[in-house]
Amino acid sequence: MTAERPEQPAERGAAPPAEEPAESLVTVVVALVVNALIAAAKSFAAVITGSASMVAEAAHSWADTGNEVLLVIAERRSQRPADARHPLGFGKDAYIWSMFAAFGLFTAGAVVSIQHGISELVDPEPASDYGVAYAVLGISFVLEGISFIRAYRQARADAHRRSVATLEHVARSSNPTLRAVFAEDAAALIGLVIAFFGVGLHQLTGSPVYDAIGSLLVGVLLGVVAVVLIARNRAFLLGEAVDDALRDAVRDEILESPEIDRVGFLHMEFIGPGTVLLVAAVDLVDDRSEADAARELRRLESELIRRPHVGRAFLTLAAPEDG
């Protein structure tokens, strides 16, 4: 729809602020340290107890640890400045490396857990030293909780600035590292509860079937999380447009310029976490020569890219029939 300047100026809200890369990096580093400690503890418990659920949890945590390394790489590489060969910058590197991390979660976490659960059902092995398993699960729950609280607080703060629900923000956010840490930590907490019941029922009944089922459930949980993360990264790599609220807010910002009378076309898509490419066709106030119009458009582009959420901006003149 064509947007025209109203005769009486109305109050317009600014576009939501961009997400903070430094804050996301801290969140990932916290998750990396926590998962490395938990993975080592779970591996020790898995060797001592022989529990299938503990083996699945150890595989889960090692997968998460490897994923956090990839997410740190994603954060660092996506912040590189644009150059002549990459005029839109390296923001989408965050989605590429986050995609690798999601595949790692699927293969090293989900597949290994499901495979081990099936082998335990076919050829069960007795477990022992249940106290070690419970202690490690309890410590792991506390550490995972610390990492999850960090991710949740960042997500809640970003969601509050954008006036949306926290879970909605995590699902739709252009920040793949925040979404990955949030989802993986949430899955880890659920997986620990599943493992606790698997080990507990194994101890109470003496049947390893419950332990094996716990391993299978953890694997399915990780598979679902991995598929969701892969789908979201794929959407941003293909070029996902911003939502209507952000698009309308930026359109209103453009109309705030006294030199612009109408916006005939506006396209915005993410080229990185919290960064968009903006392409618009506008109608300038008053008739101008071609040279004056070109200079004015370049000036307006320079103003737009100074805003934190606009990575590149391209403006052209709108035709009368544009809309």
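Values below: every heavy atom of this structure, side chains too, minus hydrogens, waters and symmetry copies. All figures in this text were calculated on a predicted structure; none of them were measured in a lab.
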>> With a 3.5 Å distance limit and no angle check, can you tell me whether T275 reaches the backbone of I271 through a side-chain donor-acceptor pair?
In response: no
> Between the side chain of R298 and the main-chain N/O of L315, is any donor-acceptor distance below 3.5 Å?
Replying inline: yes
>> Looking at D93, is its backbone amide N or carbonyl O close enough to the side chain of S78 to form a donor-acceptor pair, meaning the two atoms are under 3.5 Å apart?
In response: no
> At what distance, to the nearest 0.5 angstrom, does CG of L277 lie from CE of M268?
Replying inline: 9.0 Å
>> Ignoring hydrogens, what is the shortest heavy-atom contact between S257 and L300? Give both atom names and the distance.
In response: OG-CD2, 3.4 Å
> What's the spacing between E144 CD and L37 CG if we round to 0.5 Å?
Replying inline: 10.5 Å
> Sub-3.5 Å donor-acceptor pair from the side chain of R232 to the main-chain atoms of A171, do we have one?
Replying inline: yes
> What's the spacing between L217 CG and I190 CD1 if we round to 0.5 Å?
Replying inline: 11.5 Å
> So with a 6.0 Å cut-off around NE2 of H160, is the heavy-atom count from everything else above 12?
Replying inline: no
>> For the CG atom of L178 and the OG atom of S173, what is their distance to the nearest 0.5 Å?
In response: 5.5 Å
>> Given V263, which partner from the list V250, D283, I254 fulfils the side-chain contact (heavy atoms from CB on, under 4.5 Å) test?
In response: I254
> Would a distance-only check, ignoring hydrogens and angles, find a side-chain to backbone donor-acceptor pair under 3.5 Å from S61 to A58?
Replying inline: no
>> More than 12 heavy atoms of other residues, nucleotides or ligands under 6.0 Å from CZ of F148: yes or no?
In response: yes
>> For a side-chain contact (heavy atoms from CB on, under 4.5 Å) check, start with the C-alpha distance between L266 and L278, then their side-chain angles and the critical distance, and finish with the verdict.
In response: CA-CA 7 Å; L266 177 61; L278 186 153; 3.9 Å; yes
>> Just so I know, are the side chains of R150 and I146 near enough to count as touching, which here means a heavy-atom distance under 4.5 Å?
In response: no
> Do R156 and T166 get their side chains close enough for a donor-acceptor pair, meaning under 3.5 Å?
Replying inline: no
> Do V193 and L189 pass the side-chain contact (heavy atoms from CB on, under 4.5 Å) test, and can you show the C-alpha distance, the side-chain angles, and the key distance before you say yes or no?
Replying inline: CA-CA 7 Å; V193 173; L189 292 173; over 6 Å; no
> Does anything in residues 229-262 pair up under ring-ring contact (aromatic ring centres under 6.0 Å, His included), and if so which pairs, sequence neighbours excluded?
Replying inline: Y95-F236, F236-F270
>> Please determine whether the number of non-hydrogen atoms from other residues, nucleotides or ligands lying under 6.0 Å from atom CZ of F141 exceeds 12.
In response: no
> Backbone N or O of L143 within a donor-acceptor pair of the S147 side chain at under 3.5 Å?
Replying inline: no
>> As an exercise, state the distance from CD1 of I213 to CD of E120, rounded to the nearest 0.5 Å.
In response: 12.0 Å
>> Main chain of A63, side chain of N67: is a donor-acceptor contact present, judged purely on distance under 3.5 Å?
In response: yes
> Got a sec: does the CZ of R80 have more than 12 other heavy atoms crowding it under 6.0 Å?
Replying inline: yes
> Would E68 and V181 satisfy side-chain contact (heavy atoms from CB on, under 4.5 Å), going step by step from the backbone distance to the final call?
Replying inline: CA-CA 8 Å; E68 309 308 339; V181 173; 3.6 Å; yes
>> If I compare all heavy atoms of L222 with all of G109, which pair ends up nearest, and what's the gap?
In response: CD1-C, 3.6 Å
> Would you call R295 and R299 a side-chain contact if the rule is heavy atoms closer than 4.5 Å?
Replying inline: no
>> Show every ring-ring contact (aromatic ring centres under 6.0 Å, His included) that has at least one partner inside residues 24-54, sequence neighbours left out.
In response: none
> Are more than 12 heavy atoms from other residues, nucleotides or ligands located less than 6.0 Å from atom CD of Q115?
Replying inline: no
>> Donor-acceptor check, side chain of S174 to backbone of G274, threshold 3.5 angstrom: yes or no?
In response: yes
> For A293 and L317, which heavy atoms make the closest approach, and how far apart are they?
Replying inline: CB-CD1, 4.1 Å
> When you look at E269 and V276, which way does the side-chain contact (heavy atoms from CB on, under 4.5 Å) test go after all the steps?
Replying inline: CA-CA 5 Å; E269 71 175 60; V276 298; over 6 Å; no
> What are the two closest heavy atoms between A159 and H169, and how far apart are they?
Replying inline: CB-CB, 3.7 Å
>> List the residues meeting side chain to side chain contact (heavy atoms under 4.5 Å, CB included) with A40, not counting sequence neighbours, and say none if there are none.
In response: none
>> Could you check whether atom CZ of F90 has more than 12 heavy atoms from other residues, nucleotides or ligands sitting under 6.0 Å from it?
In response: yes
> Which pair of heavy atoms, one from A226 and one from A102, lies closest together, and at what distance?
Replying inline: CB-O, 3.6 Å
>> Given L284, which partner from the list D292, D261, L297 fulfils the side-chain contact (heavy atoms from CB on, under 4.5 Å) test?
In response: L297
> For V170 and R179, which heavy atoms make the closest approach, and how far apart are they?
Replying inline: O-NH1, 3.1 Å
>> A quick test of your reading: do over 12 heavy atoms of other residues, nucleotides or ligands sit less than 6.0 Å from CZ of R153?
In response: no
> Taking atom CD of E184 and atom CG of D64, what is their separation to the nearest 0.5 Å?
Replying inline: 4.5 Å
> Hey, does H202 have a side-chain heavy atom less than 4.5 Å from the side chain of Y130?
Replying inline: yes
> Is it true that R251 and D248 make a salt bridge, defined as a side-chain N closer than 4.0 Å to a carboxylate O?
Replying inline: yes
